[in-house]
Q: 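Take this structure first; my questions come after.
Heavy atoms only: backbone and side chains are in, while hydrogens, waters and symmetry mates are out. For reference, positions follow the sequence shown, starting with 1. Atoms within a ligand are numbered from 1 in the order they appear, just like the ligands themselves.
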Amino acid sequence: METESEPTSRKSHWENVYNSKKLEEVSWFQPKPETTLSFLSTYKVPLSARIIDIGGGDSYLVDHLLDLGYTNVSVLDISEKALERVKARLAERAKLVQWIVSDAAKFVPDVEYDFWHDRAAFHFLTDPSDIAHYVESAKKGIRKGGNLVVGTFSDKGPLKCSGLEIRQYTKDSMVATFGEDFNLLDSNVLDHKTPGGNVQNFIFCGFERV
Ligand SMILES: C[S@@+](CC[C@H](N)C(=O)[O-])C[C@H]1O[C@@H](n2cnc3c(N)ncnc32)[C@H](O)[C@@H]1O
């Protein structure tokens, strides 16, 4: 029997979300990913940088990256439907982006990225072996000197998202999780206001790959 932690069930959960909810209806919706854009600016990430958004869903981050002139952007998500939706929105511009349908807990990068971003996908990994695989992928997939920016619910945030259990992080637990291959540069605790008017406390950590 399948359990919620098995990848097929995880995938069907997310396909169902993107088949049934509109972009503006989901709790994680944000028209402009201000926090992520400010990390890009703080780290002076050049327009030629190889960027990947892990669990990007159909968020507006990719639109903003293309508007800014970034030329080497990849979006990875477990849901094919999520990526179809953002491709339809981007129309012709979708050809400028690499689209990867994959479970982040299984993903094996075949190139090194300069900037690896994850907002509210990593925290769905609760199984220690999935978390360890993700950290290994990030280690392999980010060039030395490149950046990792991960945003998750904080210890003051919700315990679930989209009906699924999540793992909360603090600055210390994030540092412990990513280990000595990543050097913490910044951390930022902030509230996200959902379209339904709730507040969710997030922590974003920015690292340099050592
Ligand atoms: C809460 S949404 C956040 C979407 C986007 N990052 C944003 O900030 O709007 C979580 C996203 O992660 C994706 N996701 C969840 N688990 C995943 C996994 N194991 N591998 C890849 N993507 C995953 C979901 O399909 C969904 O698009």
Q: Report the part of Ala82 (side chain from C-beta onward, or backbone N, CA, C, O) that has a heavy atom under 4.0 Å from ligand 1; answer both or neither where that applies.
A: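 It is neither; nothing of Ala82 touches ligand 1.
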Q: Would you tell me whether Asp127 and Ser129 have side-chain atoms, one donor and one acceptor, within less than 3.5 Å of each other?
A: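 Checked: Asp127/Ser129 side chains pair up, N/O donor to acceptor below 3.5 Å.
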Q: Once you restrict to heavy atoms under 4.0 Å, what part of Phe29 touches ligand 1? Side chain, backbone, both or neither.
A: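 Neither; nothing of Phe29 gets under 4.0 Å from ligand 1.
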Q: Pull out every atom of ligand 1 sitting under 4.0 Å from any heavy atom of Gly57, numbered as shown with elements.
A: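 Here the atoms of ligand 1 in question are 27 (O).
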Q: For ligand 1, find out whether one of its N or O atoms is nearer than 3.5 Å to an N or O atom of Arg119.
A: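 In this structure, Arg119 places an N or O atom under 3.5 Å from an N or O of ligand 1.
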Q: Taking both backbone and side-chain atoms of Gln30, is any N or O found less than 3.5 Å from an N or O belonging to ligand 1?
A: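 Checking ligand 1 against Gln30, no N or O pair falls under 3.5 Å apart.
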Q: Between Phe107 and Tyr134, does the ring centroid distance fall short of 6.0 Å?
A: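 Distance test on ring centres: not under 6.0 Å, no.
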Q: Tell me whether Glu80 contacts the main-chain N or O of Glu15 through its side chain, where contact means a donor paired with an acceptor under 3.5 Å.
A: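 No; judged by distance alone, with no hydrogens or angles, the pair does not exist.
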Q: Quick one: does Asp53 get an N or O within less than 3.5 Å of an N or O on ligand 1?
A: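 Such a contact does not occur with ligand 1.
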Q: May I ask you to list the atoms of ligand 1 that are less than 4.0 angstrom from any heavy atom of Asp103?
A: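 Heavy-atom distances to Asp103 below 4.0 Å select 18 (C), 19 (N), 20 (N).
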Q: Among protein heavy atoms, which sits nearest to atom 27 (O) of ligand 1, and what does the distance come to when rounded to 0.1 Å?
A: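 Here the nearest protein heavy atom works out to Tyr18 OH, 2.5 Å.
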Q: May I ask which of Pro33, Gly55, Ala120 has a heavy atom nearer to atom 4 (C) of ligand 1 than the others do?
A: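 Result: the heavy atom closest to atom 4 (C) of ligand 1 is in Gly55.
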Q: Are any of the N/O atoms on Ser59, whether in the backbone or the side chain, positioned under 3.5 angstrom from an N/O atom of ligand 1?
A: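 In fact, backbone or side chain, Ser59 has no N or O that close.
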Q: Quick one: look at Ser27 and ligand 1, take heavy-atom pairs under 4.0 Å, and tell me if it's side chain, backbone, both or neither.
A: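 Neither; nothing of Ser27 gets under 4.0 Å from ligand 1.
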Q: Please determine whether ring pair (Phe, Tyr, Trp, His ring centres under 6.0 Å) holds for the pair Phe115 and Phe39, giving the CA-CA distance in whole Å, both sets of side-chain angles, and the decisive distance to 0.1 Å.
A: CA-CA 10 Å; Phe115 188 88; Phe39 273 103; 7.7 Å; no
Q: Would you mind checking which non-hydrogen protein atom is closest to atom 25 (O) of ligand 1, with the distance to 0.1 Å?
A: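 So the nearest neighbour among protein heavy atoms is Asp77 OD1, 2.6 Å.
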Q: At less than 4.0 angstrom from any non-hydrogen atom of Arg10, what atoms of ligand 1 do you find?
A: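 Per the distance check, 19 (N).
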Q: Has ligand 1 got any nitrogen or oxygen that is less than 3.5 angstrom from a nitrogen or oxygen of Ala104?
A: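 Yes - when backbone and side-chain N and O of Ala104 are compared with those of ligand 1, one distance drops under 3.5 Å.
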Q: Does the pair Asp130/Arg10 count as a salt bridge with the N-to-O cut at 4.0 Å?
A: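 Counted as a salt bridge, because a side-chain N and a carboxylate O are separated by less than 4.0 Å.
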Q: Between Trp28 and Phe153, does the ring pair (Phe, Tyr, Trp, His ring centres under 6.0 Å) criterion hold? Intermediate values first, please.
A: CA-CA 11 Å; Trp28 54 92; Phe153 286 165; 9.7 Å; no
Q: Which option wins on minimum heavy-atom distance to atom 21 (C) of ligand 1: Asp58, Ile78, Ile166, Leu61?
A: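 Comparing heavy atoms across Asp58, Ile78, Ile166, Leu61, the nearest one to atom 21 (C) of ligand 1 lies in Ile78.
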Q: With a 6.0 Å cut-off (strictly less than), is the heavy-atom count around CD of Glu24, excluding the residue itself, greater than 12?
A: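 Buried by this count: over 12 neighbours within 6.0 Å.
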Q: Would you say the side chain of Asn147 lies within less than 4.5 Å of the side chain of Trp116, judging by non-hydrogen atoms?
A: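 Counting from C-beta outward, Trp116 and Asn147 never come under 4.5 Å.
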Q: Just need the protein heavy atom nearest to atom 16 (N) of ligand 1, so name the residue and atom and give the distance.
A: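 Residue, atom and distance for the closest contact: Trp14 NE1, 3.7 Å.
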Q: Report yes or no: does a heavy atom of Phe107 sit under 4.0 Å from some atom of ligand 1?
A: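 No, Phe107 has no heavy atoms under 4.0 Å from ligand 1.
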Q: Can you list the steps and then say if Asn72 with Tyr113 is a side-chain hydrogen bond (donor to acceptor under 3.5 Å, both in side chains)?
A: CA-CA 10 Å; Asn72 200 338; Tyr113 295 93; over 6 Å; no
Q: In chain order, what residues pass the side-chain hydrogen bond (donor to acceptor under 3.5 Å, both in side chains) check against His117, with sequence neighbours excluded?
A: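 For His117 the side-chain hydrogen bond (donor to acceptor under 3.5 Å, both in side chains) partners, ignoring immediate neighbours, are Thr36, Asp53.
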Q: Please determine, by modelled atom types, if Thr35 and Ser38 share a side-chain donor-acceptor pair under 3.5 angstrom.
A: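 Not at all, the side chains of Thr35 and Ser38 share no donor-acceptor pair under 3.5 Å.
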Q: Just jot down the ligand 1 atoms closer than 4.0 angstrom to any heavy atom of Ser102, in number order.
A: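 By the 4.0 Å cutoff, the relevant atoms are 20 (N), 21 (C).
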